[in-house]
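Encoded as structure tokens, the structure appears first; notes follow it.
Since this is a predicted model, take the numbers as computed values, not measurements. The basis for the numbers below is simple: all heavy atoms, side chains too, and nothing from hydrogens, waters or symmetry mates. Indexing begins at 1, ligand by ligand and atom by atom, following the structure's order.
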Amino acid sequence: MLSQADNYLPEHHIVVLFEKPGQLAAVGLSPIEIGYVEKSVTDKKREIALNRFTHWVIAIQASEGFTDAGLEKIRRSGAIAQGILADQKLEKVQITDLTGSESGLFALTMGICLANYRFTRYYKDAQAKESPLKNIEVIGLSGIALEQLRAIVQAVYTVRDWVNEPAASLTSVKFATELETLAADVGLTFSALDKKAIEGEGMGGLLAVNQGSTLPPFLVQCTWQPTNAVNTKPIVLVGKGVIYDTGGLSLKGTEDSMDYMKCDMAGAATMAGVMATVARLGLPVYIISLMPVTDNRLSAASYAPGDIIRMHNGLYVEVANTDAEGRMILADALSYASRFDPELIINMATLTGSASAAIGNQGVVVMGTAADEVFALLEKAGYREHERVVRFPLWEEYADLIKSDVADMKNVGGRQGGAIIGGKFLERFVSAPFIHIDIAGVAFSKQKNSYRGKGGTAMGLRLLYRFITDYISAAQRQ
Ligand code: BES
Ligand code: ZN
Ligand code: ZN
């Protein structure tokens, strides 16, 4: 679907990136057309579509250059171009560049490809709902950049498919199987603890959350350990895999977005997407992902407020609210991660409505105990990919809020600082430098949002992919 072309063919539909309108002569625009483009581009409208009868030319001005902000403008213009092409029912487009900026061309193609995603499985006439644009050719991207782009787009599509799939069909069993298939496809080592093994490990949190479900829990592990890895101790990625979150006995109300709680496994899905990208591109990094997978359902057997649970690391947790289930299953996975003696643990979860309340969908909330330089790398990656991060504190006083009268801790604090309390809870289960990323505000979008689309966004994937590549480069420089 995404391929490389050697040079621009006249008579093909093209999307072309330029800085000065005069450059457009190179793709055959006449002086009159160039004058029209010059007159038409403004700060707000950088995409000028020309119907040349036999083909369309969509000229996109990189008017803010190739800074982080400029690249985001280009991605968004890519999404607009995709919309124009799709409206015209065009099947094939060539993307070309007159600016000489590979990052600009990369961003443009990314915007077009990510905007071209559709989730069509559940339409009787699925074909009619698919994007007409089937064939995207890029001119002028290096082979390596094209491979990266393709791997990222493919992973984003997979993650979005998983997040969009209803819980009734993407059950815990199905999700674990899908992860196994993906791992085999890309060359990751796969293993999974089943319910018996989870019992054997004493993962009380994962088992408690699973109690109300008719389907079993899993702890899925994927490993990538190439011989040329820059690190000897692994990076461990942990992702929340709650297939569906009803809240359990602390049942969600209508205001609590139960309608889209099929997205509650977005953390696990995104971590799997990151792993697949790393493997497909053969990155020299030793990395492991752990995905605790279960439903949070309501039944006579459900765990209940007031229960006290013995967790994998031996701590006892008083369940004050069964809707704070993510931290219960993640805590066990984080504790399990210790056995790998990680150099860094990154957790990703749709953990709290508070994260969403705090910063909306313009970024993700992060916090943790990793070194400031590591957070600086993450922040830089966030700006680069426009998956921006906001660091919240984990000050020790917050721990007071999850003190329990009957156990080591309880699973919720008060109403205030909810995202931090979630992080503070998880911190008790890690024994390595730690980053927690709360994606509750961004994992699922009810409205169309440029190239992020509608439904599952896979946001966090490009952030972590960029972070990991920068992390590798930093290690190689040392
Ligand atoms: N899965 C939810 C968080 C969530 C909210 C994800 C909105 C996506 C969109 C999580 O399990 C949850 O229910 N959190 C509670 C925690 C509370 C009980 C401390 C919340 O945020 O209300
Ligand atoms: Zn919940
Ligand atoms: Zn949840």
- Item | ring pair (Phe, Tyr, Trp, His ring centres under 6.0 Å) partner of Tyr157, chosen from Phe119, Tyr117, Trp162 | Tyr117
- What do the steps show when you test Tyr286 against Trp224 for ring pair (Phe, Tyr, Trp, His ring centres under 6.0 Å), and what is the final call? CA-CA 6 Å; Tyr286 176 22; Trp224 176 250; over 10 Å; no
- Message: Would you say that more than 12 heavy atoms from the other residues, nucleotides or ligands in this model lie under 6.0 Å from the CG of Asp87, or not?
- Response: yes
- So, are Lys240 and Glu325 salt-bridged, with charged N and O less than 4.0 Å apart? yes
- Message: What protein N/O/S atoms are there under 2.8 Å from the Zn ion (ligand 2), waters excluded?
- Response: Asp245 OD2, Asp323 O, Asp323 OD1, Glu325 OE1
- Without swapping roles, check the side chain of Thr322 against the backbone of Ser250 for a donor-acceptor pair under 3.5 Å. yes
Atom pairs and distances, ligand 1 N/O vs protein N/O under 3.5 Å:
| from | atom 1 | to | atom 2 | distance (Å) |
| --- | --- | --- | --- | --- |
| ligand 1 | 1 (N) | Lys240 | NZ | 3.4 |
| ligand 1 | 1 (N) | Asp245 | OD2 | 3.1 |
| ligand 1 | 1 (N) | Asp264 | OD1 | 2.9 |
| ligand 1 | 1 (N) | Asp264 | OD2 | 3.0 |
| ligand 1 | 1 (N) | Thr350 | O | 3.4 |
| ligand 1 | 11 (O) | Lys240 | NZ | 3.1 |
| ligand 1 | 11 (O) | Asp245 | OD2 | 2.9 |
| ligand 1 | 11 (O) | Asp323 | O | 3.1 |
| ligand 1 | 11 (O) | Glu325 | OE1 | 2.9 |
| ligand 1 | 11 (O) | Glu325 | OE2 | 3.0 |
| ligand 1 | 13 (O) | Lys252 | NZ | 2.8 |
| ligand 1 | 13 (O) | Asp323 | O | 3.0 |
| ligand 1 | 13 (O) | Asp323 | OD1 | 2.8 |
| ligand 1 | 13 (O) | Asp323 | OD2 | 3.1 |
| ligand 1 | 14 (N) | Leu351 | O | 3.3 |
| ligand 1 | 21 (O) | Gly353 | N | 2.6 |

- Item | Exercise: do Tyr451 and Glu72 side chains pair donor with acceptor under 3.5 Å | yes
- With distance as the sole test, does Asp256 use its side chain to make a donor-acceptor pair with the main-chain N or O of Met258 at under 3.5 Å? no
- Query: How long is the span from the OG1 atom in Thr469 to the CZ atom in Arg384, to the nearest 0.5 Å?
  - Reply: 9.0 Å
- Task: Using the six-membered ring of Tyr123, assess whether NZ or CZ of Lys129 lies under 6.0 Å from its centre and within 45 degrees of the ring axis.
- Result: yes
